[in-house]
Protein chains: 2
Amino acid sequence: MATIYEVAALAGVSPATVSRVFNGNTVSPEKQRAVREAAAKLAFTPNKTARRLRKQSSEVVALLIPDIENPFFTALARGVEDKAQESGFSVVLCNTDDDPGKELRYLQIAASEQMAGVILAPASDEADLGAIASLGSPVVAVDRTTPYPVDAVKVDNRAAGIAATTALFDAGHRRIACIAGPVGIESTEDRFLGWRQVMTARRAAIPEGYLQHANFRADGGHAAMRHLLALPEPPEAVLTTNNLMGVGALQAVVEAGVDPARFGLAVVGELPFMFLTPPAVVQVRLPARHLGTTAATMLLERIGGDAQPPRTVVLRAELA
Amino acid sequence: MATIYEVAALAGVSPATVSRVFNGNTVSPEKQRAVREAAAKLAFTPNKTARRLRKQSSEVVALLIPDIENPFFTALARGVEDKAQESGFSVVLCNTDDDPGKELRYLQIAASEQMAGVILAPASDEADLGAIASLGSPVVAVDRTTPYPVDAVKVDNRAAGIAATTALFDAGHRRIACIAGPVGIESTEDRFLGWRQVMTARRAAIPEGYLQHANFRADGGHAAMRHLLALPEPPEAVLTTNNLMGVGALQAVVEAGVDPARFGLAVVGELPFMFLTPPAVVQVRLPARHLGTTAATMLLERIGGDAQPPRTVVLRAELA
DNA sequence: CTGAAAGCGCTAACAC
DNA sequence: GTGTTAGCGCTTTCAG
C-alpha cells in the first residue's frame, strides 16, 4: 500500500498537495494531473485509518438490531446499507438479540472505533446512549424510541393495530383475541392498544384470556395460539403484534387442523413468501426498508452537521 | 474520550505501562491496579483507530454477499456475525447485488480500511482478489469458489441436486423439469448436474424445454415455471436450484390453479415459513448459518497467522 | 519491570 | 497555490 509520501515524491510535490488533491481542495491543474498519475502508477489508496485518526471520524456507521434473521430487520438493514453506500459509508452489522449487555458492548465499540454514527433499534429503555452521545456521534433510533433526545423513525403502530383489527371485523369476525409481545416494548404495546381501541369502539367483548403476552418469536406465538385454541370459548380470529409471532400462530392453527383461510389471522408485519390462497392471513405491511433508508438519511444529515432539535418521523403501515 | 496519557498521568505511570496493561503484557500488580482504577475513573476506552494505525490491522472483517434479503445469505450472515463477535471482531455488511463493480469497490474499501479479512460470496469468477490478497489480508470464499488460491467453504451442490431429484422420483414423479440459475455460476450448475445425473441414471427422458435457465430471483423462477406449465407436455414435477426461484415457481403453480401438494416441487434451499400442509415442497436444507460460522472460523484462523495451504471445506446439505 | 521516544499515514494550520 | 510541520492515540523497540 503506497503512502501519500511516495506519491508526493513521484509527482514532485509535497504530501500536503497530494492530500489536497484527494480531498478536493484547490490545486493547480498541472500538479493535479501529476499527482493523479503518480497515484495511479502506485495504485495508491488513501489510508482511511490514518485519516480517521486525524479527523476523529470515519465513514462507518453501526447498525444495532435485535436479529438480522427477522425479515423485518433484514429489510430494514438493506435499506440502511443502500442509503449508506450511496454516500460512501459502510455499515457494520450488530445483532443485539435484545440483550442490553450486548447492546452496550456494541455501543462502546462504536465509540472506540469512532464510527460516524449509530442506528439503533433499542433493546430496552435503558440503552445507555450517554457514552456515544457525549462523544458527539449522532444516534437515530429506529422502530422503537428511547428516552434520550435523539432522532427517531418509527411506524404508526397504533394505526397498524387498528387497521388489522378492523380488517378482521370487516371479514365478519367478532371474537377476536390478541397475541401481544412482551410488556414494556413500545411498538407492540401500541399495536395492542389499537386492537383494544377497535374492540371497545365496536362494543366487542374481550373475554378472559383473550389477551396473551408472548415472547417476540415464533415459539411465543405458537404457544399463545395453542393456549387460545384450548380456551373453553376459543376466539374465531387472532391478531399478532409482530411477524414472527404470526408465523408461530399460523403454525399452531395449521397443526390444530383448522383451515387458516377460515380462521381469521391478522399480523402486524409481513409473512414473507406466503402462498396460502386465497390470502388466508391479513397482513399490515410495515415499511421496513423505508424505515431503514429514512433512518440512514437522517443519520447522514446529522453527520453532515445538521443540528436542529431531535425529530421523530412516523411512517404509516399499509394494509395488504 | 480519555486517552492513554490521561490515564497514565492519573495512575502515576507512563503511557507505555497503560498500554501494556490493556494488552496483557507483564506489569507489576500494583501498577496494574493503579492503571485499572484510573482507567475506570476516566471511563477510558482504548482508541481502536490509533491502535489500528499503529498495528496496521483491525478487528473488523468485511462480509460481501449478493443480497442480505435472500434468507440463505441472511442466515449465513448471522453465522458470520456470531462467530466474529465471539472473538471480538465486528463485521461490515456489503451487498454486492452480484455486481462485479460494487464488489470491487467494496474490496477496495476493505483494503483501505485495513480490515483484517474478507468473507466473500464472489459475484463472478473475475472477482479481483489480487489487490486485497497482495495486502496480506486473508480472504475466504463462501458458497461459491474462485480461481484465486484462497480458503473456501461450500456446499456439496451436486449431492443436493441428486437428493432433491431422487426425492421427486421416490414420490412417483417421472417427468421432472429443472429450473436452473444463470449459466456459469458454479453452485447452481452443480445442482443442475445432480438433477441430470439422476434423470439419466433412472433412464428418464428429458424432453425439449425441460431445462430452464432463469435469473436467480423469484421473478425468474416464476417466468420459467409458467413457461414449463405452458408446454404441450408439461412436467409433473420441477426442481429449482435455489430458494428464490423456488418461491417464484411455487407462486406460478398456485396461480395456475394447480394444487402444490399434488404437483412435485423440489427446491435446493429453504423456503422459510412454509405452511402448506402436508409439506408440499421438497426442500434440501442448505446449512447456511453453518457455512457462515465455518467461514468465519477459517478466516479468524488465518488472521491469527495460520499459513497452511488454502483449504476448501465442503458441507453437506440435508433433505428435509 | 518500566519509561522515553519514535513513528503508523494523514490532515490542517501556518507560513511563504 | 504550495510546502513545512505538528500532531491524532496508540504500540513498540530500546535503554535502563
Side-chain angles (χ1 to χ4, degrees), chain A residues 1-36 38-39 42-60 88 108-116 135-137, chain B residues 1-36 38-39 42-60 88 108-116 135-137:
Chain A
M1 214 79 284
T3 76
I4 217 172
Y5 288 95
E6 309 177 41
V7 175
L10 184 57
V13 301
S14 79
T17 298
V18 178
S19 171
R20 290 187 184 109
V21 169
F22 280 88
N23 288 284
N25 291 315
T26 45
V27 170
S28 74
E30 315 96 75
K31 306 217 166 193
Q32 181 101 218
R33 221 179 26 73
V35 167
R36 292 207 183 285
L42 298 173
F44 168 75
T45 321
N47 182 318
K48 301 259 186 121
T49 303
R51 163 183 298 187
R52 181 186 309 193
L53 179 58
R54 181 60 228 243
K55 313 223 315 186
Q56 305 284 12
S57 101
S58 67
E59 268 82 56
V60 178
Q108 284 169 341
I109 290 182
S112 72
E113 292 267 8
Q114 26 243 157
M115 293 187 189
L135 215 134
S137 295
Chain B
M1 215 74 289
T3 77
I4 216 172
Y5 289 93
E6 310 177 42
V7 175
L10 185 56
V13 301
S14 79
T17 298
V18 177
S19 172
R20 290 186 184 110
V21 169
F22 279 88
N23 287 282
N25 291 316
T26 44
V27 170
S28 74
E30 314 97 75
K31 305 216 169 194
Q32 181 101 221
R33 219 179 27 74
V35 167
R36 293 208 183 284
L42 297 173
F44 168 75
T45 322
N47 181 318
K48 302 260 185 127
T49 304
R51 162 184 298 187
R52 181 187 311 194
L53 179 58
R54 181 59 228 246
K55 311 224 314 187
Q56 305 286 10
S57 101
S58 66
E59 268 81 57
V60 179
Q108 285 169 341
I109 291 180
S112 71
E113 292 268 7
Q114 26 242 159
M115 293 185 189
L135 216 134
S137 294

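Values below: all heavy atoms of this structure, side chains included; hydrogens, waters and symmetry mates excluded.
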Give a yes or no answer on whether the side chain of S58(A) reaches the backbone of Q114(A) with a donor-acceptor pair at less than 3.5 Å.
yes

With a 4.0 Å cutoff (strictly under), does any side-chain N or O of S28(B) reach OP1 or OP2 of dT2(C)?
yes

Donor-acceptor pair, R52(A) side chain versus E113(B) backbone, under 3.5 Å?
no

For the pair made of CZ in R33(B) and P in dT2(C), what is the distance, rounded to whole Å?
13 Å

Do V18(A) and V13(A) come within less than 4.5 Å of each other through their side chains, counting heavy atoms only?
yes

Once base and sugar-phosphate atoms are separated, protein heavy atoms under 4.0 Å mark nucleotides 7-16 of chain C, 5' to 3', with B, S and - as BBBBBBB---

Is the closest side-chain heavy-atom distance between K48(A) and V60(A) below 4.5 Å?
no

Between L10(A) and L42(A), does the side chain to side chain contact (heavy atoms under 4.5 Å, CB included) criterion hold? Intermediate values first, please.
CA-CA 9 Å; L10(A) 184 57; L42(A) 298 173; 3.9 Å; yes

